[in-house]
Amino acid sequence: MRVLVTRPEPASARTAAELERRGHEPVLLPLMQALQQPEALAAPPAPDTAFLAVTSAEAMRVVKTLPDDARRLFLALPLFAVGRATARAAREAGFTDVSVADGDGHSLAGLLIAKSDQNPGASILYLTGTPRSPDFEARLQEAGRMVDVRECYRMVPSIYPDAAVIEKLTPMPDAILVYSSETARRLGELHERSSEVLDWPQTRFLCLSEKIADALPADFHARSRWPMEPREDLLLLLL
């Protein structure tokens with residue numbers, strides 16, 4: 001099966017390798033790219049910081065760029081990751097005390113609230129990027145938790161000439177893997193620019209979550225599916 005991988009590098013290369021292992025033909029077209037902002041981590045964690053939260057592996061790549069002395073201050077904190085992939089990136093970055101939520105911001109917030117019940121006044125350091133969903137921070141704030149937000153990367157669109165997109169999508173992939181709401185919206189833009197040339201109605205949209213599928217253009221909704229949990233291994237089972 002011909003499968004379009006839209007997630008940013010370096011994650012897209014890992015997904016492509018897994019698709020090849022399963023006998024599929026991956027086509028790489030990252031629609032977003034991360035611009036690191038390590039200056040957001042120049043100041044050390046506040047003295048009252050008890051937990052560190054991350055919702056993306058990209059934040060861990062920024063931590064790995066820090067000087068050793070600065071990085072050790074972050075590595076000393078217990079880390080709470082949104083899901084398995086982010087937890088794996090955290091361990092690769094050097095974190096040893098890693099807890100894993102069920103793959104979304106809601107479950108990560110619930111895990112942190114439960115862990116901090118004995119010390120609700122302690123601060124939670126959140127390493128994140130922009131744009132992002134507000135759900136995680138909103139739930140923590142509703143529970144009265146203090147959150148120190150550090151935006152250490154920014155996701156920006158990857159720009160391709162129309163001719164390059166058409167060449168990449170010819171023949172049209174059987175399935176497109178969609179990992180974020182921003183990517184879903186970018187697919188809508190690509191569709192508008194190429195709908196007269198490419199056979200979009202033949203492809204399926206396999207999204208990491210229902211929320212991401214909702215960000216697709218309305219015409220794509222009937223051909224979108226998502227796993228019961230926002231995990232890539234479950235997503236690939238939909239192929």
Side-chain angles (χ1 to χ4, degrees), residues 1-34 55-61 81-89 102-105 129 131-133 153 155-160 162 164-195 198-239:
M1 185 180 297
R2 186 170 159 85
V3 183
L4 183 68
V5 183
T6 60
R7 66 190 318 194
E9 292 286 8
S12 60
R14 291 195 298 270
T15 298
E18 177 60 21
L19 287 169
E20 289 181 339
R21 190 186 71 79
R22 295 173 182 234
H24 300 296
E25 177 191 352
V27 179
L28 270 61
L29 187 69
L31 295 183
M32 304 292 292
Q33 58 182 318
T55 51
S56 169
E58 189 59 45
M60 297 295 89
R61 286 189 273 274
V82 70
R84 296 180 182 182
T86 305
R88 182 171 60 249
D102 293 331
D104 56 46
R132 64 183 180 276
S133 168
Y153 65 92
M155 300 303 299
V156 298
S158 300
I159 306 302
Y160 303 99
D162 287 355
V165 172
I166 291 169
E167 180 180 4
K168 184 75 72 169
L169 300 186
T170 303
M172 195 68 189
D174 303 287
I176 298 177
L177 302 180
V178 192
Y179 289 81
S180 73
S181 296
E182 286 298 317
T183 298
R185 286 186 276 271
R186 289 294 320 284
L187 284 169
E189 295 171 6
L190 293 185
H191 174 256
E192 289 180 1
R193 288 159 43 191
S194 62
S195 59
L198 296 174
D199 190 13
W200 285 89
Q202 79 161 25
T203 196
R204 295 183 298 145
F205 298 87
L206 305 183
C207 304
L208 196 60
S209 70
E210 183 177 8
K211 182 177 181 180
I212 293 171
D214 287 342
L216 289 168
D219 290 348
F220 295 172
H221 288 177
R223 289 177 282 125
S224 66
R225 295 181 65 194
W226 54 89
M228 294 295 292
E229 297 178 37
R231 289 168 32 195
E232 186 181 48
D233 58 333
L234 298 181
L235 177 67
L236 298 183
L237 290 178
L238 299 177
L239 289 169

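Note that the coordinates shown come from a computational prediction; the quantities given were computed from them, not determined experimentally.
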[X] side chain to [Y] main-chain N or O, any donor-acceptor pair under 3.5 Å?
{"X": "Gln202", "Y": "Met172", "value": "yes"}
{"X": "Arg204", "Y": "Leu238", "value": "yes"}
{"X": "Thr6", "Y": "Leu177", "value": "yes"}
{"X": "Ser224", "Y": "Phe205", "value": "no"}

For the CE atom of Met155 and the CD atom of Gln33, what is their distance to the nearest 0.5 Å?
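Separation between the atoms: 8.0 Å.
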Pairwise distance CG(Leu4) to CG(Leu187) - rounded to 0.5 angstrom
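Between Leu4 CG and Leu187 CG, I get 7.0 Å after rounding to 0.5 Å.
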Which residue pairs pass the salt bridge (charged side-chain N to carboxylate O under 4.0 Å, His left out) test with at least one member in residues 205-219, sequence neighbours excluded?
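Matches after skipping sequence neighbours: Asp135-Lys211.
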Of all pairs that satisfy salt bridge (charged side-chain N to carboxylate O under 4.0 Å, His left out), the ones with a partner from residues 222-239, not counting sequence neighbours
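Matches after skipping sequence neighbours: Arg7-Glu232, Arg84-Asp233, Glu229-Arg231, Arg231-Asp233.
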Measure across [X] and [Y] and return the closest heavy-atom pair with its distance rounded to 0.1 Å.
{"X": "Met32", "Y": "Pro8", "answer": "O-CB, 3.3 Å"}
{"X": "Pro217", "Y": "Gly188", "answer": "CG-CA, 3.4 Å"}
{"X": "Ala57", "Y": "Thr86", "answer": "N-OG1, 3.8 Å"}
{"X": "Tyr160", "Y": "Pro30", "answer": "OH-O, 2.6 Å"}
{"X": "Cys207", "Y": "Leu235", "answer": "O-CD1, 3.3 Å"}
{"X": "Leu236", "Y": "Arg22", "answer": "CB-NH1, 3.6 Å"}

Just wondering, do Leu190 and Leu29 contact through their side chains at under 4.5 Å, heavy atoms?
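They are in side-chain contact.
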Working note: Leu239 + Leu19, criterion side-chain contact (heavy atoms from CB on, under 4.5 Å); need CA distance, chi angles, decisive distance, verdict.
CA-CA 10 Å; Leu239 289 169; Leu19 287 169; 3.5 Å; yes
Please verify the inter-ring angle class for Trp200 with Phe220; under 30° counts as parallel, over 60° as perpendicular, anything in between as tilted.
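Parallel, since the angle between the ring planes stays under 30°.
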Report the C-alpha separation of Thr170 and Leu198 in whole Å, then their side-chain angles, then the decisive distance to 0.1 Å, and conclude whether the side-chain contact (heavy atoms from CB on, under 4.5 Å) test is met.
CA-CA 7 Å; Thr170 303; Leu198 296 174; 3.5 Å; yes
Under the side-chain hydrogen bond (donor to acceptor under 3.5 Å, both in side chains) test, which residues partner Glu9, sequence neighbours left out?
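Glu9: side-chain hydrogen bond (donor to acceptor under 3.5 Å, both in side chains) contacts with Ser12.
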Does the side-chain contact (heavy atoms from CB on, under 4.5 Å) test come out yes or no for Ser158 and Leu31, once each step is laid out?
CA-CA 5 Å; Ser158 300; Leu31 295 183; 5.7 Å; no
Take Ser209 and Asp104 through the side-chain contact (heavy atoms from CB on, under 4.5 Å) test and state the conclusion after the steps.
CA-CA 9 Å; Ser209 70; Asp104 56 46; over 6 Å; no
